[in-house]
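Here's the structure, in structure tokens; my notes come after.
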Amino acid sequence: MSNTNTAACNAHKAAADEHRACAEHHSKAAACHDKGKLEDAKDCASKAMSCCDTASKKSASACAC
């Protein structure tokens, strides 16, 4: 695999990892809502939004490779 392909592959893996982290934060927020823990849900949702911003940037970068 060439260096370009390795870099692109690594960029896609990094984006996927970030998206998985976002999904985990969203799942935790949903679980908190189910339990009536609204403050915890807001905290998880805030983390998810921050993570989604990062994931979006990593995805755009990966797709530009």
Side-chain angles (χ1 to χ4, degrees):
M1 192 180 319
S2 72
N3 286 341
T4 302
N5 285 341
T6 301
C9 181
N10 289 339
H12 284 291
K13 287 178 182 178
D17 287 343
E18 199 67 34
H19 283 289
R20 276 190 283 278
C22 294
E24 183 64 28
H25 288 302
H26 281 297
S27 293
K28 287 180 183 178
C32 289
H33 274 293
D34 285 343
K35 295 175 184 175
K37 298 180 178 181
L38 299 182
E39 288 304 313
D40 290 343
K42 287 180 185 179
D43 182 54
C44 290
S46 176
K47 289 176 182 174
M49 288 303 299
S50 175
C51 191
C52 286
D53 290 340
T54 302
S56 177
K57 291 174 186 170
K58 286 186 179 185
S59 289
S61 177
C63 292
C65 290

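Position 1 is the first residue of the sequence; numbering continues from there. In this text the structure is predicted, and so the values were computed from the model without any measurement. Atom set for the values below is all heavy atoms of this structure, side chains included, hydrogens, waters and symmetry mates excluded.
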Distance (rounded to the nearest 0.5 Å) between [X] [atom1] and [Y] [atom2]:
X: Glu24; Y: His19; atom1: CD; atom2: NE2; value: 15.5 Å
X: Thr54; Y: Asp17; atom1: OG1; atom2: CG; value: 13.0 Å
X: Cys32; Y: Glu39; atom1: SG; atom2: CD; value: 10.5 Å
X: Ser46; Y: His25; atom1: OG; atom2: NE2; value: 9.5 Å

Looking only at non-hydrogen atoms, find the nearest pair between Lys58 and Ala14 and report the distance.
-> CD-O, 4.0 Å
Contact summary for Ala62 and His12, nearest pair of heavy atoms |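 It is O-NE2, 3.3 Å.
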Compare all side-chain heavy atoms of His26 with those of Cys52 and state whether any distance is below 4.5 angstrom.
->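 Counting from C-beta outward, His26 and Cys52 do come under 4.5 Å.
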Test: Asp43 and Lys47 ion pair at under 4.0 Å =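 Yes, Asp43 and Lys47 are salt-bridged.
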